[in-house]
> 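Supplied in structure tokens, the structure appears directly below.
Computed over heavy atoms, backbone and side chain alike; hydrogens, waters and symmetry mates excluded. Here, residue 1 is the first one in the sequence, and each next residue gets the next number.
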Amino acid sequence: MSNRARFDRGHTDDLLTFLAASPSPYHAVASAAERLEKAGFRHVGETDAWDASAGGKYVLRGGAIIAWYVPEGAAPHTPYRVIGAHTDSPNLRVKPQPDSGGHGWRQVAVEIYGGPLLNSWLDRDLGLAGRLSLRDGTSRLVNIDRALLRVPQLAIHMDRSVVSDGLKLDKQKHMQPIWGLGDDVREGDLIRFVAEECDLDPADVTGWDLMTHSIEPPAYLGRDRELLAGPRMDNLLSVHACTAALAAAATAPGADALPYIPVLAAFDHEENGSQSDTGADGPLLGTVLERSVFARGGTYEDKARAFAGTVCLSSDTGHAVHPNYAERHDPTHHPRANRGPILKVNVNNRYATDGGGRAVFAAACEKAGVPFQAFVSNNAMPCGTTIGPITAARHGIKTVDVGVAILSMHSARELCGADDPHMLADALLAFLEG
């Protein structure tokens, strides 16, 4: 491929479908796996012995997926080209004892996950999704995608101070959603309801990981439908683009002549530090890459050579210049919607990009025929971070932080340009193809 796009608005149409079908990290990796299986990938168990066969493979663990394509004849020391993302988004998650309420209202006890814009969850119809863990050791995905919960805001008549002082929300007192009426709190009521929604015996449910989601579907926005509004774009937009790029690389003519092994690494728990067995700061990626080397008859020396030649593009959303708060951005770096993906730079290593990484990304964008923009934070503002620096430090591989510029990051509903997702996918594909 050279200077010609492979993806178009059809990619963005599919992103809408992906977002709607992925209300939790567990649904997101299931959706990604479904797309990869259509491209010929097969699931391999972590407890199974791995073989040296070529082709596409993937591992699922909780809300994380690692997928890779081994070309025919790939040597054990063949380097990897990794595209990384994360599957989790800030939201409200159900507590171990969820049944609560008072004053005639039945409520669900929730804990705040990550750093959501709390006000964006107020007065919004919410569903419930995630997974149930069963007595037999299996799990079941749950998606109650209808108006089930609501966090009601206090009327202005009862708090006039919001006019002068702004809205102030207590995470414990003010964010517990309502889901019915009643004076008695019945222990186990919510889980019984969820189990019955899944045609399960409530007695078989021994654990759960449940979270709220807005039931409003993602949609094109604006006079010319040039914008996209939807939930969880941070960072399912990148997960979707990475999945599409890997599937395209694995099914393209000449895939078995690739000089690299293309890899998708989509982690959970980025929003709270990545320190888990499914997070970027865990051993999952390194273990998978090592096992792939050893399955092909490689040695420690082969693994070291492969890692030394490996490059990762870590894709996460970044900040588009906000028209109402332009002074909050660096005065010479104003990423704009539909102007291409962004290269994220921070000299204090909140992002992993250096000059050599910029050259790698510039070459990929040139090959794909898409523009790119640079993002750097205002010096007076603290800079966020992502999985890029963690991936670089943990595995010793060159990493470059990129993404798509959005507005309303960490809101229950975010906003981006409708062409940026497919331009990102084109750049990621060009990178995987070398």
> Which residue pairs satisfy the ring-ring contact (aromatic ring centres under 6.0 Å, His included) criterion with at least one member in residues 338-365, sequence neighbours excluded?
Phe361-Phe372
> Does Gln373 reach the main-chain N or O of Leu343 with its side chain, forming a donor-acceptor pair under 3.5 Å?
no
> Between the side chains of Ser314 and Asp401, is a donor N or O closer than 3.5 angstrom to an acceptor N or O?
yes
> Are Tyr69 and Asp256 linked by a side-chain donor-acceptor pair shorter than 3.5 Å?
yes
> Are any of the side-chain nitrogens in Glu216 or Arg124 under 4.0 Å away from the carboxylate oxygens of its partner?
yes
> Once the angle between the rings of His240 and His11 is folded into 0 to 90°, is it parallel (under 30°), tilted (30 to 60°) or perpendicular (over 60°)?
tilted
> Cut-off 3.5 Å, no hydrogens considered: what does the side-chain donor-acceptor table look like for residues 217-228, sequence neighbours left out?
residue : atom : partner : partner atom : Å
Tyr220  : OH   : Asp13   : N            : 3.4
Tyr220  : OH   : Asp13   : OD1          : 2.5

> Check whether Asp281 reaches the backbone of Gln275 with its side chain - one donor and one acceptor, N or O, closer than 3.5 Å.
no
> Salt bridge check, Arg131 against Asp209: does any charged N sit closer than 4.0 Å to a carboxylate O?
yes
> Before you tell me yes or no, could you show the steps for Arg42 and Asp51 under salt bridge (charged side-chain N to carboxylate O under 4.0 Å, His left out), namely the whole-Å CA-CA distance, both residues' side-chain angles and the distance that decides it to 0.1 Å?
CA-CA 13 Å; Arg42 62 182 176 88; Asp51 58 39; 3.6 Å; yes
> Show every donor-acceptor pair shorter than 3.5 Å between a side-chain atom in residues 261-270 and any protein atom, with sequence neighbours excluded, or say none if there are none.
residue : atom : partner : partner atom : Å
His269  : ND1  : Ser276  : OG           : 2.6
His269  : ND1  : Thr278  : OG1          : 3.3
Glu270  : OE1  : His86   : NE2          : 3.2

> Would you name the heavy atoms of Leu118 and Lys171 that are closest together and state the gap between them?
CD1-CG, 3.7 Å
> Would you please say whether a donor-acceptor pair under 3.5 Å links the side chains of Glu37 and Tyr58?
yes
